[in-house]
Amino acid sequence: MTTRIHPLNSLRNIGIIAHIDAGKTTFSERLLFYTGVSHKIGEVHEGEAVMDWMVQERERGITITSAATTMYWKDHQINLIDTPGHIDFTAEVQRSLRVLDGAVVVFDGVAGVEPQSETVWRQADKYNVPRICFVNKLDRMGASFDKSFQSILDKLTTKAVAISFPMGTEENLSGVVDLLKMKALYFEGEKGTTLVEKEIPEEFKAEADVWHKKMVERIAGEDEVLTEKFLEGKDITTAELKAVLRKCVLEYKLVPVLCGSALKNKGVQTVLDAVVELLPSPLDLPLQKGINPNNESETIERKTDDSEPFSALVFKIATDPYVGTLTYFRVYSGSLTKGSYVLNANTGDQERISRILRMHADERQELDVIYAGEIGATVGLKATSTGHTLCDKDHPIMLEKIVFPEPVIGIRVEPKTKADQEKLIMSIRKLTQEDPTFRIKEDQETGETIISGMGELHLDIIADRLRREFNVDANYGKPQVAFRETIVGEAQAESKYARQSGGKGQFGHVYLKVRPKERGAGFEFIDEIKGGAIPKEFIKPVEKGVVEAMDKGILAGYPIVDVEVTLYDGSFHEVDSSEFAFKIAGSLAFQDAAKKAKLVILEPIMKMEVVTPEAFFGAVISDLSSRRGKIEETSERVGMKVLDAMVPLSETFGYATSLRSLTEGRASFTMEFNKYERVPENVAQEIIDGKRQ
């Protein structure tokens, strides 16, 4: 077996996360150029970006799928994942953050913190990912490092600490000041490849001293020894500051903020230095916890070590035109050799690892073995999906799964010809394997196929991929909102299902209680059967009957959510009782109880940010109000008005066109799913009537 080339402590698994249009892909392209992976810089606006390798990404100038690549900087191996900023592709960010050890969060120096910056930040919080920030685009008109830094403090975290600041802004951006070394950094030569360190110019000295003092005070405040030195007015060395800062970054007590302009090749190398000096290696992470698939109450811990039993988490499935299905995984312990067999802990199947690949966007490098802490890919796995654990068959472990948001919008799809029916379903199935937020459902009553996703753009890209990659032409219906039903009161019901037909009969008898749960809490089934009133083997079928009734919906045919169902009594027949009878009884009792508990319809509410010139401010507000929008707050941003509003998804279709005509094409908006809320009575009636027609 070949040995590891790079020691574990010199490995960094990082992701780049940001709001759409913060310059994330441009920044990634600079990283690849400075680390020698690419010999020329691919620009997004020219459709040449290496990391945006899909046709759809190059045409639209946005990132859709997270691309993985490997690069080297100062004897460190950096595995980088560039994630999408558009909220319709939130699953890509979610799954990448689950397997990354650190993140670089990129901000637009003009806009500062934007709505989707908040979303990705919360996702990183969920997985406790240590991060550093880069305030980008400081060469742009209206850019302000001070304002952007303040917006990070106000909207995201009070743990932010600036470790660099720009010398000049807009077209006068000449370089950055490294506040740890107290040196001016200039990026000279072609494409800013030569980093030149000089003394800080006189005009920036006073400002640099103010920022430096703030930084030292903030870092020293996290360490007793440094606090003492600071209070006594003693000098604190750069090495001491860096050591404490790294410790604080790993424990997520501080978030360093750097600055520059990726497009103008300024400040990017300082981020690479910060990645290797401040972000964690796999050795700095807590032990990976998992459960024993054969005994779910047993917790197992694994060290990031090549000598431990093998375990890895699958975080992405992708269809590759040349090699078929690519399965991306992160190795948490042990090593994996080409040709070996592994166990899928979630399905119990064994899979053969025929090839191991290290990815560079859409290019591949073959490996014989992959070690703990690494990110790789393999091909040809049959029964493995996103979130599954691959492990050593003699030491099974199931790592924590990745939880994805539910789709909020659906469209009907049908093939253009009968011959395409099979091909369409097969192609859609492949895409649902790749993307956990993309779902397919057959409507039993009408025989129609409904595909659901996170937004109009998401479904638009899916339709485009079906046409180009899979050569499937289809007709698509109008977008439909994924409404939900729920109950607002408590109720109970009894149902007895008894059938006699000559031979063996059917008998199931249950008493159920239902009560609402808070929004987003999901479904809970509680078994309170005492003294064997219903035998154990019939409890599961009752739950199954309830779940089936919930999926079908009662009021308008939409799934019922956020309900607690308690089975508290019932009876059975020695001979006639069956799983089928109890399933039917459970379904009928739930329907009866839910009707008594008052059913209501819920709709997805979107958090929307509109940026508009002041002249159109009034028109935009009245248009949003006509769409049942609630204005949360308004603010100013470089001569523009910014509106934050909550708007029902059903009212947002066609909003892009309408906003364009209202503002002469000068306004822009972004939106993301926020929560489900109860629909007003008059709208609910329209939904119910529409469903019945």
Side-chain angles (χ1 to χ4, degrees), residues 94-95 97-99 101 126-128 282-283 285-317 327-337 340-353 370-374 376 378 381-404 433 436 517 521-548 564-568 579 582-583 586:
Q94 199 109 320
R95 57 168 151 213
L97 284 170
R98 168 65 180 84
V99 296
D101 305 337
K126 186 171 151 193
Y127 294 117
N128 292 320
L283 289 176
L285 299 176
L287 295 178
Q288 267 301 313
K289 287 189 170 65
I291 54 168
N292 182 344
N294 306 320
N295 172 13
E296 294 195 3
S297 60
E298 185 191 332
T299 305
I300 305 170
E301 288 188 337
R302 287 280 159 86
K303 265 205 319 243
T304 305
D305 194 315
D306 300 343
S307 60
E308 288 268 295
F310 171 72
S311 70
L313 185 76
V314 172
F315 66 97
K316 182 177 163 72
I317 309 281
T327 303
Y328 287 80
F329 58 88
R330 155 79 193 257
V331 184
Y332 280 104
S333 61
S335 59
L336 179 65
T337 313
S340 59
Y341 281 87
V342 293
L343 172 75
N344 179 327
N346 300 73
T347 62
D349 296 323
Q350 285 204 34
E351 298 265 24
R352 183 171 181 271
I353 305 296
I370 192 165
Y371 298 97
E374 296 251 25
T378 184
L381 299 193
K382 302 278 187 298
T384 300
S385 307
T386 301
H388 284 182
T389 302
L390 299 175
C391 59
D392 180 331
K393 55 183 185 296
D394 299 324
H395 301 88
I397 182 174
M398 198 190 292
L399 300 168
E400 184 198 345
K401 282 187 179 167
I402 311 171
V403 180
F404 295 106
Q433 269 188 330
K517 295 189 77 170
F523 163 65
E524 187 181 0
F525 184 80
I526 299 169
D527 168 17
E528 277 186 6
I529 292 296
K530 305 268 191 310
I534 297 176
K536 274 271 176 275
E537 68 266 25
F538 297 138
I539 307 286
K540 253 312 184 221
V542 174
E543 183 180 351
K544 206 172 170 194
V546 169
V547 169
E548 281 183 14
E564 179 185 287
V565 177
T566 306
L567 171 63
Y568 66 95
E579 290 189 1
F582 273 99
K583 188 174 117 176

What is the distance from atom [atom1] of [X] to atom [atom2] of [Y], rounded to the nearest 0.5 Å?
X    : Y    : atom1 : atom2 : answer
T389 : E400 : OG1   : CD    : 10.0 Å
D306 : E374 : CG    : CD    : 9.0 Å
I534 : I539 : CD1   : CD1   : 5.0 Å
T347 : L343 : OG1   : CG    : 7.0 Å
S335 : D305 : OG    : CG    : 10.0 Å
K517 : E524 : NZ    : CD    : 4.0 Å

Identify the two heavy atoms, one from [X] and one from [Y], that lie closest to each other, and give their separation to 0.1 Å.
X    : Y    : answer
H388 : N346 : CA-OD1, 3.2 Å
V331 : A312 : CA-CB, 3.9 Å
G586 : V546 : O-CG2, 3.8 Å
P293 : M398 : CB-CE, 3.9 Å
I397 : S311 : CG2-CB, 3.7 Å
G387 : L313 : O-CD1, 3.6 Å

Do [X] and [Y] have side-chain heavy atoms sitting under 4.5 Å apart?
X    : Y    : result
L287 : K289 : no
R302 : L399 : no
L285 : T304 : no
F329 : L336 : yes
N344 : L381 : no
F538 : E579 : yes
F523 : E543 : yes
V547 : F525 : no

Residues E548, K583: salt bridge by 4.0 Å N-O rule: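 Answer for the salt bridge query: yes.
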State, without any angle test, whether Q288 and S333 hold a side-chain donor-acceptor pair at a distance under 3.5 Å.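 No donor-acceptor contact under 3.5 Å links the two side chains.
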Y328 ring centre to R330 NZ or CZ under 6.0 Å, with the angle to the axis within 45°?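 Judged by the rule, R330 and Y328 form no cation-pi pair.
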Tell me whether the count of non-hydrogen atoms from other residues, nucleotides or ligands lying under 6.0 Å of NZ in K544 goes above 12.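 Not more than 12 within 6.0 Å, no.
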Pair I526, Y568 - check side-chain contact (heavy atoms from CB on, under 4.5 Å), show working. CA-CA 8 Å; I526 299 169; Y568 66 95; over 6 Å; no
